[in-house]
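Here is the structure we will look at.
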Protein chains: 2
Amino acid sequence: MSKALNLKTAEIEKISHLDYFNIAISVDCVIFGYDDKDLKVLLIKSDLEEFEGLYSLLGDLVRPDEDLETASYRILKERTGLDDVYLEQVQAFGSLDRHPSGRVITIAYYSLIDIRNHKLKLENNELHWHSVKTIKKLAFDHKMILDTCLMRLQQQVMENPVVFNLLPEKFSLRELQELYEAILGYELDRRNFRKKISIKDWLTDINEMETDVPHRPGKLYKLKAEHRKRSGVRRNTVTRVVSV
Amino acid sequence: MSKALNLKTAEIEKISHLDYFNIAISVDCVIFGYDDKDLKVLLIKSDLEEFEGLYSLLGDLVRPDEDLETASYRILKERTGLDDVYLEQVQAFGSLDRHPSGRVITIAYYSLIDIRNHKLKLENNELHWHSVKTIKKLAFDHKMILDTCLMRLQQQVMENPVVFNLLPEKFSLRELQELYEAILGYELDRRNFRKKISIKDWLTDINEMETDVPHRPGKLYKLKAEHRKRSGVRRNTVTRVVSV
DNA sequence: AATTTAATGTGTTATAAGTACATATTACGT
DNA sequence: ACGTAATATGTACTTATAACACATTAAATT
C-alpha cells in the first residue's frame with residue numbers, strides 16, 4: 001500500500017502521492033442513552049486547546065487495517081466496554097476547516113445503548129452522559145453531527161424497532177412512550193400510541209408487572225426475538241474483529 | 001498539516017503518522033438520468049486490469065484542499081460539463097478490500113440530471129448511459145453503491161420534489177408518472193397518482209400543451225419555483241468553488 | 001379499614017389519506 | 001368521417017391518523 005493507487009484519470013498522477021494521503025479519516029460515534037425520561041449522549045471533554053472547556057463526541061482515526069464499522073465498534077468497546085450495541089452509519093462530514101489540526105474527514109455513526117443495565121467504565125475515562133436537549137455547543141462540528149444523527153434517529157423511530165436498544169429487556173408501555181416522547185421532543189396521546197404499537201406487533205406480553213412504582217403497576221413487555229437486531233450492520237463478522 | 005494530529009487518545013501516538021495517512025478517500029457519483037421511459041446511470045469503462053470489461057461509477061480521489069461536495073461537483077463538471085446539478089450524499093463505503101490497489105474509503109453521492117436538455121460531452125470521455133435495471137455487475141463495490149443510492153432515491157421520491165431534476169422544465173403528468181414508475185420499478189394508478197401530486201401542490205399549470213405526440217396532447221406543467229432546489233447541499237457556496 | 005391518589009387500560013367517532021376502479025373527451029392518423 | 005390512443009376526471013371503500021373520557025387498580029395516606 002505504499003505505492004500510488006492507479007486510479008482513474010491520468011490527471012491524478014500529476015499530483016504527488018503524499019498530497020492525497022494528507023487527509024485523515026475518523027469515525028465519530030453519537031452514543032445515545034436513555035435515563036430519567038431524557039435522551040442522553042455520551043461526551044468527553046475535548047483535549048484540544050482550541051476547544052478548551054467544550055465537549056466532543058467519541059471518535060478516533062480509522063486504522064488502515066480496519067473497516068469503518070470495525071473502527072466504530074472499537075471506539076465503543078474502548079470507551080464504554082460494550083460490544084453488543086446497535087450502530088448505524090449516518091453521514092460523512094468533510095469540511096476543510098472542521099478540524100483545527102488538519103484535514104480530517106469523519107464518518108458519523110449513531111449508537112443506542114441501555115444506560116442502566118450496562119455498567120460503563122465511564123469515570124476513569126472522563127466520559128459523561130449529557131442531556132441532548134441542553135447541549136448548545138460542542139467541539140469541532142460535533143453539534144451539527146449530533147443534530148444530524150438525532151434527526152436520523154427521529155426518522156427511524158416509528159418505522160423500525162430500534163429504540164428498544166435504549167431500554168432494558170423488560171419495559172412497560174409507559175416507559176416506551178416516554179422514550180418516544182424524549183426522542184421526538186413532543187408528547188404523544190397514550191391511547192393512539194398504544195394502538196400504533198400494538199398494530200406493529202413488535203412486543204410480547206410477558207405476564208409480569210412493574211414493581212417498585214408508586215402507583216398502579218403496568219404490564220411488562222419484551223421485544224419479540226425476530227425484531228431484535230442490535231445493529232444495522234452485519235455484526236457477526238464485525239464484532240469479532242473488535243472484541244478479540 | 002504535516003505534523004501529527006493531536007487527536008484524543010495517547011494510544012494513537014504509538015502508531016506512526018504514515019500509517020494513518022495510508023488511507024485514500026474518494027467520492028463516487030451515481031449519476032442518474034432519465035430517457036426513453038427508463039432510469040439510466042452514467043458509467044465509465046474501468047481502467048483497472050482487475051476489472052477488465054466492467055463498468056464503474058464516476059469517481060475520483062478527494063483533494064486535500066476541497067471538501068466532499070466540492071469534489072463531487074468537480075467530478076460532475078469534469079465528466080459531464082454540468083455544474084448545475086442536484087447532488088446528495090448517501091453513504092460511505094469503507095471495506096478493506098473494496099479497492100484492489102489499496103485502502104480507499106469512498107463517499108457515495110447520487111446526482112440527478114436531465115439527459116435530454118443538457119448536452120453532455122460523453123463520447124470523448126468513454127462515458128455511457130446504462131439502463132439501471134439491466135446492470136448486473138460493476139467494478140469495485142459499485143453495484144452495491146448503485147443499489148444503495150437507488151434505494152435512497154426511491155425513499156425520497158414521494159416526500160421531496162427531487163425527480164424534477166431528471167425532467168425538462170416543462171413536462172406532462174404522463175411523463176412525470178412514467179418517471180416515477182421507472183424509479184420505483186412498479187406501475188402506478190393514473191388517477192391516484194394525479195391526486196397525490198396535486199395535493200402536494202408542487203406544480204403550476206403553464207397553459208401549454210404537449211406537441212409532437214401521436215395522440216391527444218396533455219397539459220404541460222412546471223415545478224413551482226419555491227420547490228426548485230437543485231441540490232441537497234448549500235450550493236451557493238459550493239458550486240462557485242467548482243465552476244470558477 | 002376507608003379514602004385519596006396517580007397511574008393503567010380500553011373504545012368511539014371524525015377526519016384524512018390511500019386504493020380500486022370506469023366513462024366521457026380530445027386530438028391525431030388514416 | 002372514423003377509429004385510435006391517450007387525456008381528464010370522481011366516487012365508493014378501506015385504512016390510518018387524531019381527538020377525546022371513563023372505569024379500574026394498587027399504592028400511599030389518613
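Sequence lines set the chain letters: A, B, ... in the order given, protein chains first and strands last, and positions in each chain run from 1.
Rounded to whole Å, atom P of C:dG18 lies 12 Å from atom OH of B:Tyr186. Distance B:Glu187 CD to C:dC21 P: 14 Å, rounded to the nearest Å. Atom CD of A:Glu159 is separated from atom P of D:dT17 by 11 Å (rounded to the nearest Å). Put simply, CZ on B:Arg191 is 10 Å from P on C:dT23, counting in whole angstrom units. Atom CG of A:Asp212 is separated from atom C1' of C:dA6 by 17 Å (rounded to the nearest Å). One interatomic measurement links the two molecules: CD of B:Gln177 to P of D:dT9, which rounds to 14 Å at whole-angstrom precision. A straight line from CD1 of B:Ile197 to P of C:dT19 spans 14 Å, rounded to a whole angstrom. Atoms CE (B:Met209) and C1' (D:dA6) sit 11 Å apart, rounded to a whole Å.
Of the candidates D:dC20, D:dT7, D:dT24, the closest approach to any side-chain atom of B:Arg216 belongs to D:dT7. When each of C:dG18, C:dG9, D:dT7 is scored by its nearest atom to the side-chain atoms of A:Lys219, the top-ranked nucleotide is C:dG9. Here the side chain of A:Asn192 is nearest to one of C:dA7, C:dG9, C:dG11, namely C:dG11.
In this structure, B:Arg194 reaches the D:dA8 phosphate: one of its side-chain N or O atoms is under 4.0 Å from OP1 or OP2. Distances shown here put a side-chain N or O of B:Arg174 below 4.0 Å from the OP1 or OP2 atom of D:dT7.
For B:Lys200, the NZ atom sits in a packed shell: over 12 heavy atoms of surrounding residues, nucleotides or ligands are nearer than 6.0 Å. Atom CE of A:Met151 sits in a sparse spot, with 12 or fewer heavy atoms from other residues, nucleotides or ligands closer than 6.0 Å. Counting heavy-atom neighbours within 6.0 Å of B:Lys45 NZ, excluding the residue itself, gives a total of 12 or less.
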Give the C-alpha distance, both sets of side-chain angles, the deciding distance and a yes or no for ring-ring contact (aromatic ring centres under 6.0 Å, His included) between B:Phe171 and B:Phe164. CA-CA 9 Å; B:Phe171 50 85; B:Phe164 302 96; 5.5 Å; yes
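Counting distance only, with no hydrogens placed and no angle test, the side-chain atoms of A:Arg190 and the base atoms of C:dG9 include a donor-acceptor pair under 3.5 Å. Judged by distance alone, with hydrogens and angles left aside, B:Lys195 brings a side-chain donor or acceptor within reach of the base of C:dT19, the pair sitting under 3.5 Å.
You'll find the side chain of A:Cys29 stays beyond 4.5 Å of the side chain of A:Leu57, heavy atoms only.
Each of B:His215 and A:His215 was assigned the nucleotide of DNA chain D with the nearest heavy atom; the assignment lying further toward the 5' end belongs to B:His215. The nearest heavy atom of DNA chain C to B:Pro217 and to A:Leu173 marks one nucleotide each, and the one closer to the 5' end goes with A:Leu173.
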